[in-house]
Amino acid sequence: MVIYHNPRCRKSREALALVEEKGLSPQIRLYLKEPLNKEELTGVLEKLGISAEALVRKGEAIYKETYKGQTLSEEEWIEAMVRHPKLIERPILEVGAKAVVGRPPERVLELL
């Protein structure tokens, strides 16, 4: 069990707390300090069952300045998130072959 976590994000902290309240201790991946590589991100997307663009945080400044209004391929979105980890929606809980974006945080309970 891995949670892709940003401790500065309230929703991410809430999701982690929900997991810990169940008595579980997930591996915490601080993805802004330890960015995902292309293979890791591709694997997470497969577990989520969503497109790369669906995982992009469209409120981030880097999105608005660089990507807003552009049509990118799946590969290009993945490369953008690898280059700019702030673009990755958070938190993500990964359990085995499945993953879920914790928006709202209670969504993480679906995998527990």
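Keep in mind the model is a prediction, meaning the values are calculated, not measured. Along the sequence shown, residues carry numbers from 1.
Although no hydrogens or angles enter the test, the distance criterion places no donor-acceptor pair under 3.5 Å between the side chain of E34 and the main chain of Y31. Panel note: side chain K58, backbone E53; a donor-acceptor pair is recorded below 3.5 Å.
In this structure, the side chains of V44 and E94 come closer than 4.5 Å at one or more pairs of heavy atoms. L36 has its side chain out of reach of P85: every pair of non-hydrogen atoms, C-beta onward, lies at least 4.5 Å apart.
Between the CG atom of L93 and the NZ atom of K47 there is a distance of 10.5 Å, given to the nearest 0.5 Å. Between atom SG of residue C9 and atom CG of residue L16 there is a gap of 11.5 Å, rounded to the nearest 0.5 Å. Considering CZ of R83 and CD of E76, their distance stands at 9.0 Å, rounded to 0.5 Å.
Residues I3 and L45 are members of separate hydrophobic clusters, defined by side-chain heavy-atom contacts under 4.5 angstrom among Ile, Leu, Val, Met, Phe, Trp and Tyr. A single hydrophobic cluster is seen to contain both L41 and L72, as judged by linkage of ILVMFWY side chains at heavy-atom distances under 4.5 Å, directly or through other members. Clustering ILVMFWY residues whenever any of their side-chain heavy atoms sit less than 4.5 angstrom apart, transitively, puts V95 in the very cluster that holds I28. Transitive grouping of hydrophobic side chains (ILVMFWY, heavy atoms separated by less than 4.5 Å) brings L18 and L24 into a common cluster.
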Using a 3.5 Å cut-off and no angle test, enumerate the donor-acceptor pairs between side-chain atoms of residues 97-112 and protein atoms at least two apart in sequence or in another chain.
residue: R103; atom: NE; partner: E89; partner atom: OE2; Å: 3.2
residue: R103; atom: NE; partner: R90; partner atom: O; Å: 2.8
residue: R103; atom: NH2; partner: R90; partner atom: O; Å: 3.4
residue: R107; atom: NE; partner: E110; partner atom: OE2; Å: 3.1
residue: R107; atom: NH2; partner: E110; partner atom: OE1; Å: 3.4

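The shortest non-hydrogen separation linking I88 to R57 is O-CD, 3.2 Å. Nearest heavy-atom pair, A52 versus M81, reported as atom, atom and distance to 0.1 Å: O-CE, 3.3 Å. In plain terms, the two heavy atoms of G69 and Y63 that are nearest each other are N-OH, 4.3 Å. Between R29 and P35, the shortest heavy-atom distance links the atoms NH2-O, 3.0 Å.
Remark: K86 NZ is loosely packed, at most 12 non-hydrogen atoms of other residues, nucleotides or ligands lying under 6.0 Å away.
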side-chain contact (heavy atoms from CB on, under 4.5 Å) assessment of M1 paired with V19: CA-CA 10 Å; M1 177 182 302; V19 172; 3.7 Å; yes
side-chain contact (heavy atoms from CB on, under 4.5 Å) assessment of S51 paired with E74: CA-CA 7 Å; S51 70; E74 186 78 359; 3.7 Å; yes
Steps toward side-chain contact (heavy atoms from CB on, under 4.5 Å) verdict (R13, H5): CA-CA 8 Å; R13 291 191 308 269; H5 180 59; 4.2 Å; yes
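Checked options I50, L87, I78; the residue passing with L55 is I50 (criterion: side chain to side chain contact (heavy atoms under 4.5 Å, CB included)).
With sequence neighbours excluded, no residue satisfies salt bridge (charged side-chain N to carboxylate O under 4.0 Å, His left out) with E21. Remark: R8 engages N6 in a side chain to side chain contact (heavy atoms under 4.5 Å, CB included) (not counting sequence neighbours).
Note: Y67 and H84 have perpendicular aromatic rings, judged against thresholds of 30 and 60 degrees for the angle between ring planes.
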